[in-house]
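Let me begin by presenting the structure, written as C-alpha cells, before commenting on it.
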Amino acid sequence: MPELPEVEVVRSGLAPAVTDAVITGVDVLDERALTRHDRVRGDFATLLTGRRMLGAARRGKFLWVPLGSVSGLTGTGATAVSGRTTVPGSIAVPGATAASDAPGEAILLHLGMSGQVLLREAGTPLERHARVRLSLEHPVHGELAVHFVDQRTFGSLALDTLVATPDGAAGGFGVDLCSVPSQVAHIARDPLDPAFDDMRFFAALRARRTTVKRALLDQTLISGVGNIYADEALWAARVHFEQPTASLSSRKARELLAEVRAVLQKALAEGGTSFDAQYVNVNGAAGYFAHSLNAYGRQGQACARCGGTIVRATFMNRSSHYCPRCQRVR
DNA sequence: TATTTTACCTGAGGGC
DNA sequence: TGCCCTCAGGTAAAAT
C-alpha cells in the first residue's frame, strides 16, 4: 500500500520526466479519479492543458506538481472531445521562465490504496485500470505520457491552489517553494522532512487522549505513516499498539519517532513495500521491503527478536500485527 | 471540541 | 463453474 516510501519512490521517478514538461493533452478516462477536483474551478482537462510542470513535490502521502503559467498557445486551439482536451502543434517552452511562472497552482495527487503513476512513451496502450492520462512534451525527453492507474479508485487528482506554509519552510520534499496545495495544508509534515518539529510532535502525543497507533496514523499529527510502517515502527520500539499516548515516557516517545524514521528510510532504500501488483514505481517495478518486515503480515510466525508468536488483532476495521511477548502495554 | 466510526471502492481468494 | 461473502486500508465526512 502506498505510504511515504512508496510515494517518495514515485515522486523521485516522476520529477525528472515532468520538470519543464508542458501538458499537451489530458484524457479523463474515469471521473471518479477526480473526486478531489473542485468542478467549480472548471474542467480539469481544460485547466491543465498548456500548463508547464515545474517539478514534483511530496508531503507524507500527498504528491503535487507545481504548475507554471498557461503557455501562449493555450486558447489558440484547445479542444475538448469526450473529455479529451488537446492543444495542436508544438507547445514546448524549453527553459522559458516568465514572471507569470510563479506557481500559484499545482496538480494534486493522492494514490489512495492502489494508485499507480506510470511513466510511458507516447502512444503506449492504456492499462486495464487507467483513470487519467497526461500527454507531455518535454524539452529533452520529447513526447511522454503519464498514466494514473488505480484499481480501487481511492486515489484522486485535482487542480489545487498553493497556499503559503505557516512556518515559512519549504512545503514538502522536492521543492524549495514555501507553499503546499490547499488540500495538504492541514496535513502535518512527515518525519523525514527537515522542518518536522520533534518537540511539537511529542507535546501533541502527551496531549492526546488516544492510543499510540491511532496517533501514528493521524496524518494531522505526523504524515506518511500507514498501517504497515506503523506496525513495523511499533515493533522496533517495543511499543504495544494500544499504549495510551499520554502514558508514553519522553524516552519511549523519542525512541518511537527514531524507529519510525528508521523504518521509513530503510523501506525507501529498498524501493518500498510491494505485496502484489498494487504498488510499483513509475516504471512498473515492485519494491523489496516486504522481505524486511518484522511484524506486518507475519501473524503466526516467530518474532525475530524474542521468538514469541506474532499476532494479528482487529484494529480500526483493519489489522494490527504485534508480538504480545515483547510489545506490552506499560 | 475531540475522538471514533463509517462510506467509499474493486479484485483476490475462500467456501459452498 | 459460478455465486456469494470477506478482506485489504487512506481519507474525509458523519456520528458520538
Side-chain angles (χ1 to χ4, degrees), chain A residues 1-11 29-38 58-64 108-117 126-132 148-158 160 180-188 190 203-234 241-247 260 264 267 272-280 286 289-290 293 295-300 311-322:
Chain A
M1 309 304 163
E3 300 182 32
L4 186 155
E6 292 77 33
V7 180
E8 175 55 27
V9 168
V10 171
R11 188 208 65 78
L29 308 156
D30 190 329
E31 287 288 330
R32 292 175 299 178
L34 300 181
T35 52
R36 288 182 174 276
H37 180 68
D38 182 1
R58 179 193 56 77
R59 175 184 290 196
K61 304 168 194 172
F62 281 89
L63 274 173
W64 67 92
L108 175 68
L109 171 63
H110 195 288
L111 300 178
M113 290 295 302
S114 54
Q116 301 174 354
V117 177
L126 290 164
E127 297 74 12
R128 182 179 175 190
H129 299 295
R131 310 296 184 188
V132 176
F148 177 63
V149 178
D150 189 11
Q151 178 195 99
R152 296 180 203 168
T153 68
F154 277 27
S156 181
L157 288 81
D160 199 3
V180 290
S182 68
Q183 295 182 51
V184 182
H186 69 292
I187 298 295
D190 63 65
L205 277 186
R206 283 194 298 272
R208 288 291 174 101
R209 287 173 297 178
T210 188
T211 49
V212 66
K213 186 170 174 182
R214 283 179 185 273
L216 287 180
L217 296 179
D218 184 345
Q219 304 297 299
T220 66
L221 197 58
I222 180 171
S223 67
V225 181
N227 205 38
I228 298 171
Y229 298 118
D231 280 0
E232 290 304 303
L234 288 166
F241 69 99
E242 288 187 317
Q243 176 85 38
T245 53
S247 70
V260 169
L264 292 176
T273 303
S274 303
F275 294 109
D276 48 32
Q278 293 311 314
Y279 162 69
V280 293
F289 192 70
L293 295 172
Y296 185 87
R298 298 195 70 245
Q299 62 271 23
V311 169
R312 175 185 175 277
T314 299
F315 168 79
M316 289 173 70
N317 286 330
R318 53 204 63 186
S319 60
S320 204
H321 307 77
Y322 71 107

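Atom set for the values below is all heavy atoms of this structure, side chains included, hydrogens, waters and symmetry mates excluded. Letters go in sequence order (proteins before strands), and every chain restarts at 1. It should be emphasised that the depicted structure is a prediction, and the values quoted were computed from it without experimental measurement.
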[X] [atom1] to [N] [atom2]: how many Å, rounded?
X       : N       : atom1 : atom2 : value
L63(A)  : dT11(C) : CG    : P     : 12 Å
E3(A)   : dT11(C) : CD    : P     : 9 Å
Q151(A) : dT10(B) : CD    : C1'   : 5 Å
L109(A) : dT11(C) : CG    : P     : 12 Å
L217(A) : dG10(C) : CG    : P     : 7 Å
L216(A) : dG10(C) : CG    : P     : 12 Å
R209(A) : dT1(B)  : CZ    : P     : 14 Å
D218(A) : dT1(B)  : CG    : C1'   : 14 Å

Phosphate contact ([N] OP1 or OP2) by [X] side-chain N/O below 4.0 Å:
X       : N       : result
T210(A) : dT4(B)  : yes
R128(A) : dG11(B) : yes
R32(A)  : dC8(B)  : no

Would K61(A) and D190(A) pass as an ion pair if we require N to O under 4.0 Å?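 Looking at K61(A) and D190(A), the cut-off is not met.
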
When you measure from the side chain of D231(A) to the backbone of H321(A), do you find a donor-acceptor pair of N or O atoms at a distance under 3.5 Å?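 Flag set: sc D231(A) to bb H321(A) pair under 3.5 Å.
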
Donor-acceptor contact below 3.5 Å, side chain D150(A) vs main chain G115(A):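 Yes: the side chain of D150(A) pairs with the backbone of G115(A).
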
Got [X] and [Y] here, is their nearest side-chain heavy-atom distance under 4.5 Å?
X       : Y       : answer
E8(A)   : L264(A) : no
N227(A) : K213(A) : yes
L4(A)   : R58(A)  : yes

Checking contacts here: which listed nucleotide ([options]) is nearest the side-chain heavy atoms of [X]?
X       : options                  : answer
H129(A) : dT5(B), dG11(B), dT3(B)  : dG11(B)
R214(A) : dT4(B), dG10(C), dT11(C) : dT4(B)
N317(A) : dT6(B), dC9(B), dG10(C)  : dT6(B)

Taking only nitrogen or oxygen atoms into account, show me every contact under 3.5 Å that the protein makes with nucleotides 12-16 of chain C, one pair per line with its distance.
residue, atom, partner, partner atom, Å
dA12(C), OP1, R36(A), NH1, 3.0
dA12(C), OP1, R36(A), NH2, 3.4
dA12(C), OP2, H186(A), NE2, 3.2

Ignoring hydrogens and angles, does a donor from either the side chain of R318(A) or the base of dG10(C) sit under 3.5 Å from an acceptor on the other?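 Indeed there is one.
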
Nearest heavy-atom neighbours spanning [X] and [Y]:
X       : Y       : answer
S320(A) : F315(A) : CB-CB, 3.7 Å
V132(A) : L29(A)  : N-CD1, 4.1 Å
G272(A) : V9(A)   : N-CG2, 4.5 Å

Are Y229(A) and E6(A) linked by a side-chain donor-acceptor pair shorter than 3.5 Å?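 Indeed, the side chains of Y229(A) and E6(A) share at least one donor-acceptor pair under 3.5 Å.
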
Measure the angle between the two terminal helix axes of the helix from dA2(B)-dT16(C) to dC16(B)-dG2(C), five base pairs each, and quote it to 10°.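 About 50°, once rounded to a multiple of 10°.
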
Would you indicate what T35(A) reaches in the nucleic acid, counting non-hydrogen atoms under 4.0 angstrom: base, sugar-phosphate, or nothing?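 The answer is nothing, as T35(A) stays clear of every strand by at least 4.0 Å.
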
